[in-house]
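Below is one structure, written out as structure tokens; comments come after it.
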Amino acid sequence: MRENERWFLFAHQDLRMAELAMGEKLYNQVCFHSQQCVEKAIKGLLAHQGKIPPRTHRLADLLGLLDPDPFAEERFEIQLLDRFYIPTRYPDALPGSLPEGLPDAQDAHEALNTAQKILARIEQLVER
């Protein structure tokens, strides 16, 4: 299995976890796994472009490494997922980073939709 394929396998697993968590109304987990799905999908695209994916969780940093960047229109939407990484993993980290507390159903739906859309788009780009 090539490196980019491993990234995509893990991205799909995170997407599936987000979908399962949505069914259980575990919204913080939906948001975390949606962020992870997009992170790993972008790292897979970077590997497909012949680049070594860096050890960062910041989607903004990863998007800046894509050449060309196919996500100009979705950039803001993707970067919004970054706000979920730390507060959904560590309940005592960065108090107030999500002003209203833990993610709610709307946050979870938006995060999951973004993950589904971006993963599908990246897979289309890689298949070309």
Side-chain angles (χ1 to χ4, degrees):
M1 182 180 288
R2 294 186 319 219
E3 181 181 359
N4 67 317
E5 292 170 346
R6 285 191 298 265
W7 285 113
F8 296 134
L9 173 66
F10 277 57
H12 276 280
Q13 290 175 352
D14 276 308
L15 181 60
R16 182 68 181 132
M17 288 303 300
E19 292 167 344
L20 291 169
M22 181 62 85
E24 295 296 319
K25 298 181 181 178
L26 300 171
Y27 302 130
N28 61 323
Q29 295 302 311
V30 174
C31 293
F32 173 74
H33 285 286
S34 294
Q35 187 279 344
Q36 286 290 284
C37 169
V38 173
E39 176 187 328
K40 291 167 188 166
I42 293 172
K43 287 180 177 182
L45 181 56
L46 287 168
H48 178 74
Q49 291 179 349
K51 299 174 184 167
I52 297 172
R55 293 188 181 267
T56 182
H57 297 290
R58 285 190 37 144
L59 298 175
D61 293 345
L62 296 172
L63 288 170
L65 298 173
L66 293 172
D67 185 30
D69 178 1
F71 300 109
E73 291 180 24
E74 298 93 349
R75 189 175 192 85
F76 180 74
E77 182 181 354
I78 293 169
Q79 287 178 271
L80 281 178
L81 293 174
D82 275 339
R83 71 181 192 232
F84 297 124
Y85 180 73
I86 291 178
T88 59
R89 296 313 296 159
Y90 307 102
D92 62 344
L94 300 174
S97 57
L98 292 175
E100 48 299 329
L102 288 175
D104 60 18
Q106 182 177 342
D107 292 324
H109 283 286
E110 290 171 5
L112 183 57
N113 288 337
T114 298
Q116 290 167 331
K117 179 171 65 173
I118 298 305
L119 179 56
R121 179 99 178 280
I122 287 176
E123 288 186 325
Q124 287 175 342
L125 291 169
V126 169
E127 289 176 6
R128 290 182 187 170

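Keep in mind that the numbers below use all heavy atoms, side chains included, and drop hydrogens, waters and symmetry copies.
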Quick check against the 3.5 Å criterion: does [X] have a side-chain atom that pairs as donor or acceptor with the backbone of [Y]?
X	Y	value
Lys40	Arg6	no
Asp107	Asp104	yes
Arg121	Pro70	yes
Asp82	Leu59	yes

* For Gln36 and Glu39, test the side chains for any donor-to-acceptor distance below 3.5 angstrom and give the result as yes or no. =>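 Checked: Gln36/Glu39 side chains pair up, N/O donor to acceptor below 3.5 Å.
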* Asked: Checking side chain to side chain contact (heavy atoms under 4.5 Å, CB included) for the pair Val38/Glu74: CA distance, chi angles, key distance, verdict?
  -> CA-CA 12 Å; Val38 173; Glu74 298 93 349; over 6 Å; no
* Decide yes or no on side chain to side chain contact (heavy atoms under 4.5 Å, CB included) for Ile122 and Phe71, but give the supporting numbers first. => CA-CA 10 Å; Ile122 287 176; Phe71 300 109; 3.4 Å; yes
* Asked: Closest heavy-atom contact between Ala60 and Gln79?
  ->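 Answer, listing the atom of Ala60 first, then Gln79: CB-NE2, 3.1 Å.
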* Asked: Minimum heavy-atom separation for Trp7 to Gly44, with atom names?
  ->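 Shortest heavy-atom separation between Trp7 and Gly44 comes out as CB-CA, 3.5 Å.
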* To do: List the steps and the verdict of side chain to side chain contact (heavy atoms under 4.5 Å, CB included) for Val126 and Phe8.
  => CA-CA 10 Å; Val126 169; Phe8 296 134; 3.6 Å; yes
Min side-chain heavy-atom separation [X]-[Y] under 4.5 Å:
X	Y	result
Asp61	Pro54	no
Leu81	Cys37	no
Pro103	Phe84	yes

* Is it true that Leu125 and Leu63 fall in one hydrophobic cluster, defined by side-chain heavy atoms closer than 4.5 Å? ->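 Hydrophobic grouping puts Leu125 with Leu63.
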* Asked: Does one hydrophobic cluster hold both Ile118 and Met17, with members joined at side-chain heavy-atom distances below 4.5 Å?
  ->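 In one cluster: no.
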* Asked: After noting the C-alpha distance and the side-chain angles of Glu110 and Glu77, does the key distance pass the side chain to side chain contact (heavy atoms under 4.5 Å, CB included) rule?
  -> CA-CA 9 Å; Glu110 290 171 5; Glu77 182 181 354; over 6 Å; no
